[in-house]
Each structure stands twice: as C-alpha cells, then as structure tokens.
Amino acid sequence: MSAPNPDPEARTVNLFAPEFARCPQEVYARMHAECPVARAAITNSPVISRYEDVIWALRHPDLFSSEMELQMALGTERPMIPQQIDPPAQTRYRKLLDPHFSRKKMAELEPDMRGYANDLIDRFIDAGRCDFDPDFAVPLPCTAFLRLIGLPLSDLEFFLELKNGIIRPQLKTQSIDQEVNRTARVESGRQIYAYFEEVIDDRTARPGDDLMTQLVHAEIGGERLSRNEILDICFLLLLAGLDTVTATLGCNIAYLAANPKQRRSLVEKPELTDGAVEELLRWETPVTGVPRVARKDMTVGGLEIKEGELVTLLLGAADIDADEFEASDRVDFERARNRHLAFGGGPHRCLGSHLARMELRVAMQEWHRRIPEYQVAPGEAPRYSPGIREVLYLPLVWDAPR
Ligand code: HEM
C-alpha cells in the first residue's frame, strides 16, 4: 500500500474532466499511485478508489448509507426501491425481487432476445453502416425491459422519451439551465408514475403472466405491496435497467472496433464471449462510481471523512487495482479470476446482473456472427461521457454483405 501524497492538489480528482471521459483508466491509475482516497473537484466530496476500501464500504451500509437526499434530482417523489433504502428494509425487498431476476428466469428470455437483436441488425446490415447507439444499443435493452415487465413493445418510443426525460432532460429542453432541466425531470417523473399507475390498475383488474402482475400481488410479511412501493420499484427498474446495458454495449463494441486482433479472437471462438463480457465489464466499468452518505466520522486511506458527507465509491478504479487483479492493465478475455465490481457489491449488488449478462452475451454473439469485421467510420472518433461511461457517438462501417 503506498503512502498518500501530502500535496493537497494531488489529492483532488475531477471526475467530469474531458480526460476522465476519454480514458478513465489513466485517472484511476494516477489515483492509486498518488491519492487512493481523494476529494472530488468542485464538490470537494471524498472519492475512494482502492478495491479493498471500495468493497469494504459497499459491505458496510451501516457506515455508508444509500439513503440520501438525491431523489429529487432524478424526478422522483420518494426514494427508489431498493436502491435508496438501507438494510434491513432493503433486504426484505430484495428477497421478494431476487427470484424474478434469477439466472434461470432470465435464460427463458434468451430466444426472444436473439430475435430482437437480429431484427435490429436486419434494419441496417445491408447499408454497411450504423450509428450504434440509436440503432442498436438503445433499443435492444429497452425491448428486453418491456418484454420482461410485460408491457407492449409498441410503447418503445414512449418509454425512451420518458427515460431520456429523466437522464438527459437537456435533449428535450435544449437548455443547459439547471432549473429548466430540473422542472423537465419532475414532469417526466410524473408521466412515469402516471403510466405505471395505469398498468397497476389494469393488472389488478386483469392479471397476466408478467412481472407487473406479480408485483401487484406480491406480499412482504403477509401484506401486499402498497401502490407507492410498486411505483418506486418500477421507477428504479426503468432507470437502472436501460442506460446501463446501452452504455456497456457501446463501450464493448468501441473497444473491439479499436482492437481488431481481440475482436477476431471472439469471432473465431464465440465461446470466449462470456469471458469477454466479464473482462470488458471490468475494464470499462460503465457505472464508474456509486454514491453513499457517511454515517459517522472516519478516516479512510489517510483522508478524514465527516458524518453526512457524500462519498463516491469509484467502482471503475477498484476494477483496475493491481492489488486485486493480476496484470490489471491488460484486457484478457481468458482471465482466470475476475471478481470485478461493475455490478457493485454488498447488499445493493445489481438486481439485474443476470439479465444484463444475458443481454450482453446475446448481443455480442449475434453482432459478431452477422458483422464480424467493422470499424469506426473513417475521420470519426467515438465520444464518451463521464458519470455513466457511455459512447455517445459511435458511427460504425463494414462491407455490406452481397
Ligand atoms: C451492464 C448493465 C448493468 C450494470 C453495469 C449495472 C450496475 C449496477 C450497479 C453498480 C449497482 C449498485 C448500485 C449501488 O450500489 O448503489 C446496480 C444496482 C441495481 N441494478 Fe444494475 N446494472 C446493470 C443492469 C441492470 C439491469 C438490466 C437491471 C434491471 C432491469 C438492473 C437493476 C438494478 C437494481 C434494481 C439495482 C438496485 C439494487 C439494490 O439497491 O438492491 N441493473 N446496478
């Protein structure tokens, strides 16, 4: 373990700088070398980067709470369930939800997912080009989500608009004014609640064979979930399940476009896909960090953290920590031991990890089966966002099949 650098400048990290969006791994490596626990530029809040510290914090919700005043920022009226709730209440919700997202349940969706992936590819393969995000990475997870929860696929466009209204209100408002965008978020939030209210009424009157019906009839300790509880779960599923998979798909394909040797290994040996999915989740870690609130004064990695401070657990940095991963700066699809934190850890570990893995495996396999050779369009470069690491612009070209 290296001693923290006493220089205050060295202990500051800017997670919104262009260099972080371009190559977060370089910023992570610098943190490990100079300031494993730093303060964020602008907000001055603590940022924890080492694997050992991050996993410890994730496993101690009594010290690092998920209950925070952030919810209004996402257009919600109450905490999202279970992400913004601490154990033991959170544990009860997870017991209820986990069986609906099991590996076995998600495997049942796999044939449909292959169909959706191929339907999308059919639309652009003959053109020899696509804009990866809107043409493939955005609609695929959204379709999977609608299918899982039991909503009509014809609602796809409407859903994308609602989700973007929360995550990227500036696209709708065409404004960078914070207040304008906050109001737009709240409005999108209202529409999301209203949409799911109708679905709850419908499934109460006409039960179906889908997750929404199961939520309407679910019980904790012999009591049905309240209407608000169902709404707060649905809101989270919508926000947590779409952009994350979109972002991961974009990062994976951008990486493989830039690394043709590794891409060809995947085309020749599709059985490497699972290893590639895990390794690219580790290397790119699209959810770069998760927020927590310190529940008491403490010192981590030489930095004093005060009770009530907002702390970022930098999952992406933990995932390239050389103390945990052998040759941590090498992307190796056959890595033997890969306990990455791309899905978080501890009680809040991602509920949708089996769904995400299935979507990623199917998408990567079908894409490379049909479009084995591709590259970023000449003269263009992928553009990444900070925060959630997503490739905002990824124009791809290939030789159209004759
Ligand atoms: C590659 C895609 C995904 C990534 C990288 C990802 C990442 C994460 C991470 C890092 C967390 C932990 C948050 C925290 O500790 O505060 C999380 C939680 C969560 N994720 Fe995912 N996620 C993905 C896909 C999904 C999908 C497809 C769904 C569901 C449809 C989903 C639903 C959730 C939920 C409900 C939680 C909150 C769990 C809790 O607080 O108990 N995620 N995810």
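If you're wondering where the values come from, they're calculated on a predicted model, not measured in any experiment. We count ligands from 1, going down the list as the structure has it; atoms in each ligand are counted the same way. Basis for what follows: all heavy atoms, side chains included, without hydrogens, waters or symmetry-related copies.
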Just checking, any donor-acceptor pair under 3.5 angstrom between side chains of N118 and E366?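 N118 vs E366: donor-acceptor pair found between side chains.
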
May I ask you to check whether T246 and D243 show a side-chain donor-acceptor distance below 3.5 Å?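 There is no such pair between these side chains.
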
Within a 6.0 Å radius of atom CG on D399, are there more than 12 heavy atoms belonging to other residues, nucleotides or ligands?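 Count not over threshold, so no.
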
Looking at F325, does the NZ or CZ of R282 lie under 6.0 angstrom from its six-membered ring centre and within 45 degrees of the ring axis?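 Ring-cation test returns yes.
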
How far is [atom] from the closest protein heavy atom, and which atom is that?
{"atom": "atom 5 (C) of ligand 1", "value": "A342 O, 3.6 Å"}
{"atom": "atom 1 (C) of ligand 1", "value": "T248 OG1, 3.2 Å"}
{"atom": "atom 40 (O) of ligand 1", "value": "H348 ND1, 2.6 Å"}
{"atom": "atom 38 (C) of ligand 1", "value": "R94 NH1, 3.4 Å"}
{"atom": "atom 13 (C) of ligand 1", "value": "Q83 NE2, 3.3 Å"}

Are Y384 and Y393 near enough that their ring centres are under 6.0 Å apart?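 No - the distance between ring centres of Y384 and Y393 does not fall below the 6.0 Å cut-off.
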
Quick one: are the ring centres of W367 and F132 less than 6.0 Å apart?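 Centroid separation for W367 and F132: below 6.0 Å.
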
Tell me the closest heavy-atom pair linking G75 and I166, and the distance in Å.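 Result for this residue pair: CA-CD1, 4.4 Å.
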
Apply the side chain to side chain contact (heavy atoms under 4.5 Å, CB included) test between L242 and each candidate in L239, L238, V245, T244; give the one that qualifies.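 Of all the options given, the one that passes is L238.
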
Backbone, side chain, both or neither: what part of [X] comes under 4.0 angstrom of ligand 1, heavy atoms only?
{"X": "T285", "value": "neither"}
{"X": "L341", "value": "neither"}
{"X": "M106", "value": "neither"}

Give the atoms of ligand 1, by number and element, whose distance to some non-hydrogen atom of L355 is under 4.0 Å.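 Going through ligand 1 atom by atom, the ones under 4.0 Å from L355 are 27 (C), 30 (C).
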
Near L315, which atoms of ligand 1 are under 4.0 Å from a heavy atom of that residue?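 By the 4.0 Å cutoff, the relevant atoms are 10 (C).
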
Any salt bridge linking R182 with E179? Criterion: basic side-chain nitrogen under 4.0 Å from a carboxylate oxygen.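 Between E179 and R182 there is a salt bridge, with a charged N closer than 4.0 Å to a carboxylate O.
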
Within-2.8 Å protein N/O/S contacts of atom 21 (Fe) of ligand 1: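 Metal shell, protein only: C350 SG.
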
May I have the step-by-step check of ring-ring contact (aromatic ring centres under 6.0 Å, His included) for Y374 and H368, ending in yes or no? CA-CA 9 Å; Y374 53 93; H368 290 107; 5.6 Å; yes

Taking a cutoff of less than 4.0 Å between a non-hydrogen atom of the residue and any ligand atom, is R292 in contact with ligand 1?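 Flag set, R292 near ligand 1.
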
How would you list all residue pairs meeting ring pair (Phe, Tyr, Trp, His ring centres under 6.0 Å) that involve residues 153-194, not counting sequence neighbours?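 Ring pair (Phe, Tyr, Trp, His ring centres under 6.0 Å) check on residues 153-194 returns F145-F159, F158-Y195, F159-Y195, Y193-F235.
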
